[in-house]
Asks: 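Encoded as structure tokens, here's the structure I'll be asking about.
Within every chain, numbering begins at 1; the chains are lettered A, B, ... in the order of the sequence lines, protein sequences first and strands thereafter.
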Number of protein chains: 2
Amino acid sequence: MANRTAAELDRHDPLAAARGRFHLPDGVIYLDGNSLGALPTAAAGDVRHAIVEEWGQGLIRSWNAAGWYELPLSLGDRLGGLLGAAPGQVAVCDTTTVNLFKAMSSALALRPERSVVVMDAADFPANLYVAEGALADTAFERRLVEPGEAPQDLLDESVAVLALSHVNYRSGAIADLGALTAAAHAVGALVAWDLCHSAGVLPLELDAWRVDFAVGCTYKFLNGGPGAPGWIYAAHRHLEAGARQPLSGWMGHAAPFAFDRGYRPDPGIRRFLCGTPHILSMRAVAAGLDTFAGVRLEEVRAKAVSLTTLFIERVEDGLPAGTLELVSPRDPDRRGAQVSFGFEHGYAVIQALLDRGVIGDYRDPGVMRFGFQPLYLSHADVARAADALVGCIESSVWT
Amino acid sequence: MANRTAAELDRHDPLAAARGRFHLPDGVIYLDGNSLGALPTAAAGDVRHAIVEEWGQGLIRSWNAAGWYELPLSLGDRLGGLLGAAPGQVAVCDTTTVNLFKAMSSALALRPERSVVVMDAADFPANLYVAEGALADTAFERRLVEPGEAPQDLLDESVAVLALSHVNYRSGAIADLGALTAAAHAVGALVAWDLCHSAGVLPLELDAWRVDFAVGCTYKFLNGGPGAPGWIYAAHRHLEAGARQPLSGWMGHAAPFAFDRGYRPDPGIRRFLCGTPHILSMRAVAAGLDTFAGVRLEEVRAKAVSLTTLFIERVEDGLPAGTLELVSPRDPDRRGAQVSFGFEHGYAVIQALLDRGVIGDYRDPGVMRFGFQPLYLSHADVARAADALVGCIESSVWT
């Protein structure tokens, strides 16, 4: 790559036009789309329409007339197109955390004779917390993959559920979702995948990989807005087998407006809904999904590899060897749309980068995280950001 | 009241100016604010600001710079002012359903030696469904108040939690929250109140009434927008005693960004948060709360009594006795900001009223529901709506 300039790479970028689908502040290079995606150009108008016309003029009638009631499922089906999920298996609702609680509880109920949930000690801690809550007062125990171990090493016939993240929030390392799912199935366990850091930037085939349950957010690489609702996937075969979740609310009932005294879950994915859906936030999610119109995820993935490779090479070329520790996998096939560098003074560097118009983020202890959304970043942006990072470190008092 | 005209009543209305705080469609009289409150004039601009400036320009920095991180608690404290709750006890988050799950689970955990949850068979069914989910796989059982019984009749020392709605969704009947809370406490039980149909239209004193837990939505009388987040109240004394809820997510952690492996609940009300808050929807909630600026809930309550009384009198005066069954309490002290009439052809009448510009709603079986938000309804509106209802019934083929 070193012998092709960033400008050359950008001239051959099939996604170059997608940049026009976003508003970004002047003078800013935004490398934090793995935390909060940038603003789609259409979002403000779409949400305004929902407020002024649907809420203001339509009022209560919009639950039917504007499709509000169907929105969790209609958005879910659209999102399913990016997940490799046939219609009827994805709902947009609640938060990732609540959805993971539902997914884990459902999976555990399908394996009542087992006793163990396998998770990764290095996973996003919220997922570990959810398991604590879901497992409290049950006979299940959590078994954690410690550094140096592989999840496969912990799988045996006591395991009910393997619950992992596809891409690690801290390192950006990609887990082998297909192989791990197959390994879990081989011992009779189910899988619950967190796809927060892969949905929208990795080609996914949840149906083909025989995933059981998956969850994620919509506010990172899906560009759905701050605190946008999460989503949940439950495979058809589990819906047909009667998988249930404990947050039984009226929106998951087979007939919410029959006002039956007893809960009767909807026959389909709707049973994974709970309370009244957050309509205004969901209109922004729709605008986020619109930014993927006509985009092939294989192109997004190829560009993410190109952007992260350029960033790593340019940063490492600019600094004395060993200045930074590459926390992300060097092998691009194992690296998500993210580059993390370990540096003792990482927090201060991220602050200094802000002053130079480059937005990344920092995760304790000592990790500078940079996310690369191929829809709105060019190779030129990434080259400038790499130079800024090198400059911050070179000019600082730490080195 | 019959000898004072609607116009006279409106001339002495201290809340008349509040109508200007809302956008309502021309030619519509909106009697469904108990399902979805009308649009505050400021909401579109406030949400647009959150999208264009906070999200678009501020990006990830807005979690701190725009107060997003604190929003569930800062909004909660503002809402607390309408609930009679001192700061630090209310969080705006998730949905009513999820919050009721948290409240019931927390309360049950505080009474582990007991076995019964008392609820009302006539309550909003979602609440019964939540209890089904929360009680599944526990030793607790649900004991339902059947028609003709009083909740007090079912209270004894086996009861862990009394979980009721303050105002019934179907009839608008007000439960005696203070007396029922005291009766529950007298047998050592805790209370979890659903205030969906009272927050914003009844003066509330959660602290003074020694309420333990309460939940509600913000999209009815609080005018927060379609599917706006819910809220939860947990009394200081229970927070201090370590009350916990099972949806342990990162936003409820004492230090979310320390990325501890183990869950350690925040010392305050933040422990009742779970996943990432829905920022855009919450900005509309703030606009909804703004519509109460300078308003005394005692004035709102007095006007609600006046509006509902006028509506009942005018409808009943216009029709042969016995045409409609008043489902709501005739005693205004026992009636919320709602009037429900039973009528065999109620569904068709509600449809016919829509054509005359009056929006109410229908709840199976046979109940026409009309909600009265004193901030945007005048007595003249209510008189016209009553006349339209009489006209629909008089001109129909059913009578």
Side-chain angles (χ1 to χ4, degrees), chain A residues 23 25 30 32 35-36 38-39 43-44 47-48 51-52 55-57 59-60 62 68 94-98 101 121 125-126 128-130 132-134 136-137 217 219 225-227 229-230 246-250 253 257-261 263 274-281 284 359 361 363-364, chain B residues 23 25 30 32 35-36 38-39 43-44 47-48 51-52 55-57 59-60 62 68 94-98 101 121 125-126 128-130 132-134 136 138 217 219 225-227 229-230 246-250 253 257-261 263 274-281 284 359 361 363-364:
Chain A
H23 276 307
Y30 190 57
D32 210 5
S35 190
L36 170 65
L39 171 64
V47 175
R48 183 180 170 79
I51 293 176
V52 174
W55 175 11
Q57 297 293 309
L59 290 159
I60 194 69
S62 290
W68 289 352
D94 298 310
T95 60
T96 310
T97 313
V98 167
F101 184 89
L128 304 179
Y129 307 158
V130 172
E132 277 191 51
D137 304 321
C217 70
Y219 52 72
L247 296 170
S248 38
W250 72 315
H253 195 280
F257 293 94
F259 298 105
D260 293 342
R261 184 192 285 202
Y263 184 68
C274 181
T276 306
H278 305 300
I279 300 303
L280 301 186
S281 286
I359 302 179
D361 70 20
R363 288 290 177 261
D364 256 330
Chain B
H23 275 308
Y30 190 56
D32 211 4
S35 190
L36 171 64
L39 170 63
V47 174
R48 182 179 172 79
I51 293 176
V52 173
W55 176 11
Q57 296 294 310
L59 291 159
I60 193 68
S62 291
W68 290 352
D94 297 311
T95 60
T96 310
T97 313
V98 167
F101 184 90
L128 304 179
Y129 307 158
V130 172
E132 276 191 51
T138 73
C217 70
Y219 52 71
L247 296 169
S248 38
W250 71 316
H253 196 280
F257 293 93
F259 298 105
D260 292 342
R261 182 192 284 204
Y263 185 67
C274 180
T276 306
H278 306 300
I279 300 302
L280 301 186
S281 286
I359 301 180
D361 70 20
R363 286 293 177 258
D364 256 331

Asks: Between chain A and each of B:Leu59, B:Ile279, B:Leu280, B:Leu128, count heavy-atom pairs under 4.5 Å; write down the option with the most.
Replies: B:Leu59
Asks: Of all residues at least two apart in sequence or in a different chain, which pass the ring pair (Phe, Tyr, Trp, His ring centres under 6.0 Å) check with B:Trp250?
Replies: A:Phe124, B:Phe257
Asks: Could you pull out all residues at least two apart from B:Arg48 that satisfy salt bridge (Lys or Arg N to Asp or Glu O under 4.0 Å)?
Replies: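 For B:Arg48 there are no salt bridge (Lys or Arg N to Asp or Glu O under 4.0 Å) partners, ignoring immediate neighbours.
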Asks: Under a 4.5 Å heavy-atom cutoff, which of A:Pro125, A:Pro25, A:Pro226 has the most pairs with chain B?
Replies: A:Pro226
Asks: For each of A:Trp55, A:Phe101, A:Tyr30, tally heavy-atom pairs with chain B at distances under 4.5 Å, and name the one with the top tally.
Replies: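 Maximum pair count with chain B is reached by A:Trp55.
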Asks: Which heavy atom of A:Ser281 sits nearest a heavy atom of B:His278, and at what distance?
Replies: OG-CB, 3.9 Å
Asks: Which region of B:Ala136, side chain (C-beta onward) or backbone (N, CA, C, O), has a non-hydrogen atom less than 4.5 Å from a non-hydrogen atom of chain A, or is it both or neither?
Replies: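 For B:Ala136, there is no contact with chain A at all, as no heavy atom is under 4.5 Å.
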Asks: Sort A:Thr96 into side chain, backbone, both or neither according to what part of it lies under 4.5 angstrom from a heavy atom of chain B.
Replies: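 Neither the backbone nor the side chain of A:Thr96 comes within 4.5 Å of chain B.
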Asks: On a heavy-atom basis, which atom in B:Gly227 and which in A:Thr276 lie closest, and how many Å separate them?
Replies: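 Shortest heavy-atom separation between B:Gly227 and A:Thr276 comes out as CA-CG2, 3.8 Å.
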Asks: Could you report the tightest heavy-atom contact between B:Leu36 and B:Gly225, atom names first, then the distance?
Replies: CD1-C, 3.7 Å
Asks: Heavy atoms, side chains only, cut-off 4.5 Å: are A:Gln57 and B:Leu39 in contact?
Replies: no
Asks: Of the listed residues (B:His23, B:Arg363, B:Arg261), which shares the most heavy-atom pairs with chain A below a 4.5 Å separation?
Replies: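 Heavy-atom pairs under 4.5 Å are most numerous for B:Arg261.
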Asks: Quick one: of A:Asp361, A:Asp137, A:Val98, A:Leu247, who has the most non-hydrogen atom pairs under 4.5 Å with chain B?
Replies: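 Answer, by heavy-atom pair count under 4.5 Å with chain B: A:Leu247.
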Asks: Looking at chain B, which one of A:Cys217, A:Gly230, A:Gly249, A:Cys274 has the largest number of heavy-atom pairs inside 4.5 Å, strictly under?
Replies: A:Cys274
Asks: Which bit of A:Asp32 comes within less than 4.5 Å of chain B, counting heavy atoms only: side chain, backbone, both or neither?
Replies: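 When you check distances to chain B, only side chain atoms of A:Asp32 fall under 4.5 Å.
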Asks: Using heavy-atom distances under 4.5 Å, tell me whether A:Ile359 contacts chain B through its side chain, its backbone, both, or neither.
Replies: side chain
Asks: Against chain A, work out which of B:Gly133, B:Ala43, B:Ser248, B:Gly275 has the most heavy-atom pairs shorter than 4.5 Å and name it.
Replies: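 Among B:Gly133, B:Ala43, B:Ser248, B:Gly275, the one with the most close pairs to chain A is B:Ser248.
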Asks: Answer yes or no: does atom CG of A:Asp260 have more than 12 heavy-atom neighbours from other residues, nucleotides or ligands under 6.0 Å?
Replies: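 More than 12 heavy atoms, drawn from other residues, nucleotides or ligands, come within 6.0 Å of this atom.
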Asks: With a 4.5 Å cut-off on heavy-atom pairs, point out which of A:Ser62, A:Gly56, A:Ala284 contacts chain B the most.
Replies: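 Option with the greatest count: A:Gly56.
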